There are 2 protein chains.
Amino acid sequence: MHSHDRHAETARPDPSRIERLCVERGLKMTGQRRLIARVLSEAEDHPDVEELYRRAAALDDRISVATVYRTVRLLEEKGILERRDFGGGRARYDPTDRGHHHHLIDVDTGRVIEFEDAEFEKVARAIAERLGFSLVGQRLELFGRKGAPAPAPRGRTKPKA
Amino acid sequence: MHSHDRHAETARPDPSRIERLCVERGLKMTGQRRLIARVLSEAEDHPDVEELYRRAAALDDRISVATVYRTVRLLEEKGILERRDFGGGRARYDPTDRGHHHHLIDVDTGRVIEFEDAEFEKVARAIAERLGFSLVGQRLELFGRKGAPAPAPRGRTKPKA
DNA sequence: ATATCTGCAAACAATTTGCCGACCA
DNA sequence: TGGTCGGCAAATTGTTTGCAGATAT
């Protein structure tokens, strides 16, 4: 565990949050992985692979979607990312270091709000126990609408635009 | 002149539960739709399209997967079915007339247990409200493992065969 | 040095769809 | 009879993978 001290010969300002985690888990850091790590670190939302690729390529197009897929899967296996599925067919990714949380999806805007709730955790555990299981994981998604009732467009879940 | 006779000209014993719902919503009932409706009515689990197709074809092979896909989507739009996603890539279907419920998935066996919980409903509504939303929908899935979650800090309890 | 990446395109799996004959209302 | 529906196979979409050259350690 030797550390490379600050010989700023390679302009590498600051290893991103996620990059640091990658190194911790002993991943070989390539240019594209560093790039993806940075995009992930800067993301405040839950991008899908296509979106990650778009953002990464915008910074440096020496990368392909295949690599994003591979990297994202690797990071998931290493416990750095969590794969989510908000419907819509594509997997969304969420860095685990943001802490355990759930999501509330605004059905009108498609906007995703994160939240935590101790009360819920307790209830969930209680339910599992009542059914004779020990809780290993959970998934909670709430779909809501802001205050006043608005004419919601019919149709199914195709949060495109 | 109407012939509402009891002459079994078309051996149609009893419209299945789901078939009745289809008719109610004004769907044109064809042989294959009736078949799928019957399979769905008899199902106690949450089959995916492939499985529905298998079961239907076993009763009458004058049907194709494409039709199952089309029908299942139609029933979903009509609110007769609910599409679920328990991971694994394929969509699972769940008749809505079984009532509102959530799922607990046994991570070891893959078995799905349905349950309801008033306490949870209350908490969910409260969370949404706290975030400034009115609850429109929710999705809760618990993943558990059979075994004693009991406060027994002793050695690990081997999962019973 | 060398085991591990990456890009590319072909392979895959789940689901959709165009075309046209078959069928229900 | 007219408008829908169903079968078949080709088309789409999201994701994976084999290969050969590029890289990190």
Side-chain angles (χ1 to χ4, degrees), chain A residues 1-4 9-10 12 15 19 22-37 46-54 56-57 60-78 81 83-93 155-160, chain B residues 2-3 9-10 12 15 19 22-37 39 46-54 56-57 59-78 81 83-93:
Chain A
M1 39 206 76
H2 5 46
S3 48
H4 225 302
E9 67 167 83
T10 311
R12 204 166 287 164
E19 177 178 346
C22 290
V23 175
E24 259 172 49
R25 320 265 159 132
L27 289 184
K28 182 189 284 189
M29 290 314 288
T30 70
Q32 18 280 83
R33 286 188 181 172
R34 219 174 322 261
L35 185 55
I36 296 174
H46 308 77
D48 57 43
V49 169
E50 204 63 44
E51 179 61 22
L52 285 174
Y53 170 64
R54 225 172 288 132
D60 184 340
D61 55 354
R62 303 173 70 67
I63 193 174
S64 72
V65 254
T67 297
V68 180
Y69 272 107
R70 281 193 269 234
T71 303
V72 123
R73 204 220 270 182
L74 181 65
L75 297 202
E76 194 201 348
E77 278 162 12
K78 290 295 184 181
L81 285 185
R83 191 204 315 244
R84 301 278 187 174
D85 170 37
F86 298 152
R90 33 241 283 180
R92 315 274 292 268
Y93 291 87
R156 52 40 181 7
T157 322
K158 182 143 192 190
K160 186 49 193 240
Chain B
H2 262 156
S3 54
E9 63 173 85
T10 311
R12 204 168 288 164
E19 178 179 344
C22 290
V23 175
E24 258 172 49
R25 320 266 160 131
L27 289 184
K28 184 187 285 190
M29 289 315 289
T30 70
Q32 18 281 83
R33 286 187 181 175
R34 219 172 325 258
L35 184 56
I36 295 174
V39 169
H46 308 76
D48 57 43
V49 169
E50 204 63 43
E51 179 61 22
L52 284 175
Y53 170 63
R54 227 173 286 130
L59 299 177
D60 184 342
D61 54 355
R62 302 175 71 64
I63 193 173
S64 74
V65 255
T67 296
V68 179
Y69 272 107
R70 278 193 271 235
T71 303
V72 124
R73 205 222 271 183
L74 182 64
L75 297 204
E76 193 201 348
E77 279 162 13
K78 289 295 183 181
L81 283 187
R83 191 204 315 242
R84 302 279 186 175
D85 170 36
F86 298 152
R90 30 243 282 182
R92 315 274 293 266
Y93 291 87

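For clarity, every value in this text was computed on a predicted model and none was experimentally measured.
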- Query: Whole Å only: how far is the CZ atom of B:Arg25 from the P atom of C:dA25?
  - Reply: 18 Å

- Choosing from C:dT6, D:dT4, C:dT15, which nucleotide comes nearest the side chain of B:Arg90? C:dT15

- Message: Would the distance check show the side chain of A:Arg33 and the main-chain N or O of A:Thr71 forming a donor-acceptor pair, the cut-off being under 3.5 Å?
- Response: no

- Message: How many whole angstroms separate atom CD of A:Glu19 from atom C1' of D:dA24?
- Response: 13 Å

- Query: With respect to the side chain of A:Ala91, which nucleotide from D:dC8, C:dC5, D:dT15 is positioned closest?
  - Reply: D:dT15

- Quickly, which of B:Arg92, B:Arg90, B:Arg83 forms a salt bridge (charged side-chain N to carboxylate O under 4.0 Å, His left out) with B:Asp48? Name it, please. B:Arg90

- Message: Rounded to whole Å, how long is the line connecting atom OH of A:Tyr93 with atom P of D:dG14?
- Response: 13 Å

- Message: Measuring to OP1 and OP2 of D:dG7, would you say a side-chain N or O of B:Gln32 lies under 4.0 angstrom away?
- Response: yes

- Message: Can you tell me which nucleotide in C:dT4, C:dT17, C:dA25 comes closest to the side chain of B:Arg73?
- Response: C:dT17

- Task: Quick one: label B:Arg70 by what it contacts on the DNA or RNA (base, sugar-phosphate, nothing), any heavy atom closer than 4.0 Å.
- Result: base

- How long is the line joining CD of A:Glu76 and C1' of D:dT16, in whole Å? 14 Å

- Item | Comparing B:Ala66 and B:Arg62 on DNA chain C - which has the more 5′ nearest nucleotide | B:Ala66

- To the nearest angstrom, how far is A:Leu74 atom CG from D:dT16 atom C1'? 15 Å

- Task: Report yes if at least one side-chain N or O of B:Thr67 is closer than 4.0 Å to OP1 or OP2 of D:dG6; otherwise report no.
- Result: no

- To the side chain of B:Val49, which of C:dT15, D:dG7, C:dC8 is closest? C:dT15

- Interatomic distance, B:Asp60 CG vs D:dG6 P [rounded to whole Å]: 13 Å

- Task: Would you tell me if any nitrogen or oxygen in the side chain of A:Thr30 comes within less than 4.0 Å of OP1 or OP2 on C:dT6?
- Result: yes

- Message: Quick check for you: among D:dC8, C:dA14, D:dA24, whose closest atom lies nearest to any side-chain atom of B:Tyr69?
- Response: C:dA14

- Inspect the contact between B:Glu51 and B:Arg54 and indicate whether a charged nitrogen and a carboxylate oxygen are less than 4.0 angstrom apart. yes

- Is B:Arg34 reaching over with its side chain to a backbone N or O of B:Met29, donor-acceptor style, under 3.5 angstrom? yes

- When rounded to whole Å, the CG to C1' distance for the pair A:Asp48 and D:dG14 reads 10 Å

- Nearest-Å distance for atom pair OH/P, residues B:Tyr53 and D:dC8: 8 Å

- Please tell me which of B:Met29 and A:Arg33 maps to the more 5' nucleotide of DNA chain C, matching each residue to the nucleotide holding its nearest heavy atom. A:Arg33

- Does a side-chain heavy-atom distance below 4.5 Å link B:Thr67 with B:Tyr53? no

